[in-house]
Amino acid sequence: MTEAGDIIKQGRLARLGSFVAERKGLLRDYLSAVSGAGGRLVFSLVYFIALANTLSIAEFGMFATASAAGVMLSRLLAFGFISALYRTATIRPNLIGTFTAGFLLLALLSLPLLAAASYGVYLIFFSGYVALAAFAAIVFAEALLWRPVEVAMIVNNGLGLFGKAALLAILTAALRALAAVLFMLLPAPTLESWSWFYIGANAIALLVAFGAFYPRQRLRLRIELYWRRLADSVYVAGAEVLFYLQMEFDKLLVLAIGGPHLAGLYAIIMRLVDLTAIPIRTFSMMLVQRMMRTPQLLARLSVRSGIEGGIFAVSTLGLVALGGVLHFFPAALGRNVAEAAPLVLLALCVPGLRNLVEYQAELLFARGQTLVRALNLAVLAGLKAVLLVAVLKSFDQTSQLVLALNGVFLILYLASAVLTYSAMRRPPKAI
């Protein structure tokens, strides 16, 4: 009886030890990854303060809106094949060289589509506000320089090299911050001159990313492998464009309806909101990797609710802390930001709800439900456009507009939750 009891006890201790060891590894990986998010947050704040207080509010609004458009358009690069590269790094790392060659080939083939789409966006939203050369320079920096840097981070994260990806995130954020600080020294800084600084910072980041951080594997073209995954990649590209459209469309609408100055104030507020998402994205990235291997990870309602509650709480507390500082010290982040400081806390629920919509979209990507994800994001983009137009037409005061955003993002979150969790009742799709 004693021997049997000892065996049972030893078995329990072994399972406990295994559980703790597994969680220690997960915690170590998360801390490695979140260190990059923390460093990136610091340098992103420096970058934001320098740029927002060097350009006029209207010019900062133009840049932030053009940059948002560039981020959206960058998802067309390589027809979304970055998703296949990420899955390969996560599941079959020996094929990274093969899929990198496919990414480069498809990136080249996608350039005419990217150029045409960029010119169309310029004509619809930016003609008359921004010179075509400046807009083209910003989109070039985002789509052809910065997006490949993100590829290097994505591949390292897929390989589980979270510390390496974190270091790259910190270095590249530091390069952008340095460019913004140097830009402050110009005697007559303008949006056009900043666009060249922006190209320079992102070009150096690209050289650093692929010179020192990208895995060394021989590039081999295997068209048959790419062809099988191209449909899924196109779904992902469409979903990513729609995702960023519904995330950033508010900036475009504010510019079109409210003009450059209101767009600048709005961009400052939303940039501060966006800073709260940096640590959340690290968590989402690691959860997506786990779900690629174990799709039933979030099968229980209690787990889903706990994660969503945590995301909302962390995001909201982040904005409360930032808004509290600006309430007592409005000029803490510079004179231009001081004009927007009284409005920050009015957007109290926006970070949490916005981050939850982003998180839910990533869940469908992890399960391989890329077409459903694209359709859901199309619905959300259309809904957001309707809601924002209604808000912009209904309120004249900026404070009323910002306060109404809480309701807009609540409706978007509820719609996203219904669409996402309804789709997750279906079996995951193997890619």
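Treat the numbers as computed from the prediction; the structure is a model and nothing was measured.
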*Asks:* Are the side chain of Thr316 and the backbone N or O of Ala313 linked by a donor-acceptor pair below 3.5 Å?
*Replies:*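 No; zero donor-acceptor contacts below 3.5 Å.
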
*Asks:* For the backbone of Ala84 and the side chain of Thr88, can you confirm whether one donor and one acceptor N or O come within less than 3.5 Å of each other?
*Replies:*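 Yes, the answer is positive, given that a donor and an acceptor are paired below the 3.5 Å cut-off.
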
*Asks:* Please check: side-chain N/O of Asp250 versus main-chain N/O of Leu388, any donor-acceptor pairing under 3.5 Å?
*Replies:*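 Checking the backbone N and O of Leu388 against the side chain of Asp250, no donor-acceptor pair under 3.5 Å is found.
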
*Asks:* Whether the Glu142 and Ser74 side chains hold a donor-acceptor pair (N or O, under 3.5 Å, no angle test) is what I'd like checked.
*Replies:*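 No pair is found: no donor N or O on one side chain lies under 3.5 Å from an acceptor on the other.
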
*Asks:* Hey, is CZ on Arg425 packed in by over 12 heavy atoms from elsewhere, all under 6.0 Å?
*Replies:*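 No.
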
*Asks:* Can a donor-acceptor pair be found, under 3.5 Å and without considering hydrogens, that links the side chain of Asn406 to the backbone of Leu403?
*Replies:*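 Yes, the answer is positive, given that a donor and an acceptor are paired below the 3.5 Å cut-off.
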
*Asks:* Which one of Leu371, Leu375, Thr420, Leu419 satisfies the side chain to side chain contact (heavy atoms under 4.5 Å, CB included) criterion with Leu364?
*Replies:*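 Only match with Leu364 under side chain to side chain contact (heavy atoms under 4.5 Å, CB included): Thr420.
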
*Asks:* Evaluate the ring planes of Phe48 and Phe60, with Trp represented by its six-membered ring, and classify them as parallel (under 30°), tilted (30 to 60°) or perpendicular (over 60°).
*Replies:*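 Ring orientation, 0 to 90° scale: perpendicular.
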
*Asks:* Is a side-chain N or O of Asn53 found less than 3.5 angstrom from the main chain of Asn336, in a donor-acceptor match?
*Replies:*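 The answer is yes, because a donor-acceptor pair under 3.5 Å joins these two groups.
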
*Asks:* Distance-only criterion, 3.5 Å: show the donor-acceptor pairs between side-chain atoms of residues 97-119 and protein atoms not counting sequence neighbours.
*Replies:*
| residue | atom | partner | partner atom | Å |
| --- | --- | --- | --- | --- |
| Thr100 | OG1 | Ile96 | O | 2.7 |
| Thr100 | OG1 | Tyr214 | OH | 2.7 |
| Ser110 | OG | Ala78 | N | 2.9 |
| Ser110 | OG | Leu106 | O | 3.3 |
| Ser110 | OG | Ala107 | O | 2.8 |
| Ser118 | OG | Leu114 | O | 2.7 |

*Asks:* Kindly compute the distance separating CG (Leu206) from OG1 (Thr172), expressed to the nearest 0.5 Å.
*Replies:*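 Here the rounded value is 11.0 Å.
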
*Asks:* Scan side-chain atoms only and decide if Tyr413 and Glu308 contain a donor-acceptor pair under the 3.5 Å cut-off.
*Replies:*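 Judged by distance alone, the side chains do pair up.
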
*Asks:* Could I get the full list of side-chain contact (heavy atoms from CB on, under 4.5 Å) partners for Phe183, not counting sequence neighbours?
*Replies:*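 With sequence neighbours excluded, Phe183 shows a side-chain contact (heavy atoms from CB on, under 4.5 Å) to Leu51, Thr54, Leu55, Leu186, Pro189, Ser193, Trp194, Phe197, given in chain and number order.
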
*Asks:* Does Leu132 form a side chain to side chain contact (heavy atoms under 4.5 Å, CB included) with Phe126? I'd like the steps, not just the answer.
*Replies:* CA-CA 8 Å; Leu132 178 58; Phe126 295 93; over 6 Å; no

*Asks:* Does NZ or CZ of Arg176 come closer than 6.0 Å to the centre of the six-membered ring of Trp146, within 45° of the ring's axis?
*Replies:*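 Yes, a cation-pi geometry holds between Arg176 and Trp146.
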
*Asks:* Is the side chain of Glu59 donor-acceptor paired with the backbone N or O of Leu191 at a distance under 3.5 Å, no angle test?
*Replies:*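 Yes: the side chain of Glu59 pairs with the backbone of Leu191.
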
*Asks:* Would you check if Tyr359 and Ile307 make a side-chain contact, meaning some heavy-atom pair closer than 4.5 Å?
*Replies:*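 Of all side-chain heavy-atom pairs linking Ile307 with Tyr359, at least one is under 4.5 Å.
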
*Asks:* Under 3.5 Å, is there a donor-acceptor pair between the side chain of Asp274 and the main chain of Met270?
*Replies:*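 Side chain of Asp274 to backbone of Met270, a donor-acceptor pair under 3.5 Å: no, none is there.
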
*Asks:* Report yes or no: does Ser67 contribute a side-chain atom to a donor-acceptor pair with the main-chain N or O of Ala64 at less than 3.5 Å?
*Replies:*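 No; judged by distance alone, with no hydrogens or angles, the pair does not exist.
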
*Asks:* With salt bridge (Lys or Arg N to Asp or Glu O under 4.0 Å) as the criterion, how do Arg373 and Glu358 come out once you've worked through the C-alpha distance, each side chain's angles and the decisive distance to 0.1 Å?
*Replies:* CA-CA 11 Å; Arg373 180 176 182 251; Glu358 182 174 341; over 6 Å; no

*Asks:* Please evaluate residues Phe63 and Tyr198 with respect to the criterion ring pair (Phe, Tyr, Trp, His ring centres under 6.0 Å), reporting the C-alpha separation (whole Å), side-chain torsions for both, the decisive distance (0.1 Å), and the verdict.
*Replies:* CA-CA 11 Å; Phe63 169 71; Tyr198 198 56; 5.1 Å; yes

*Asks:* May I ask you to decide if Ser302's main-chain N or O and Ser305's side chain share a donor-acceptor pair within less than 3.5 Å?
*Replies:*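 No; zero donor-acceptor contacts below 3.5 Å.
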
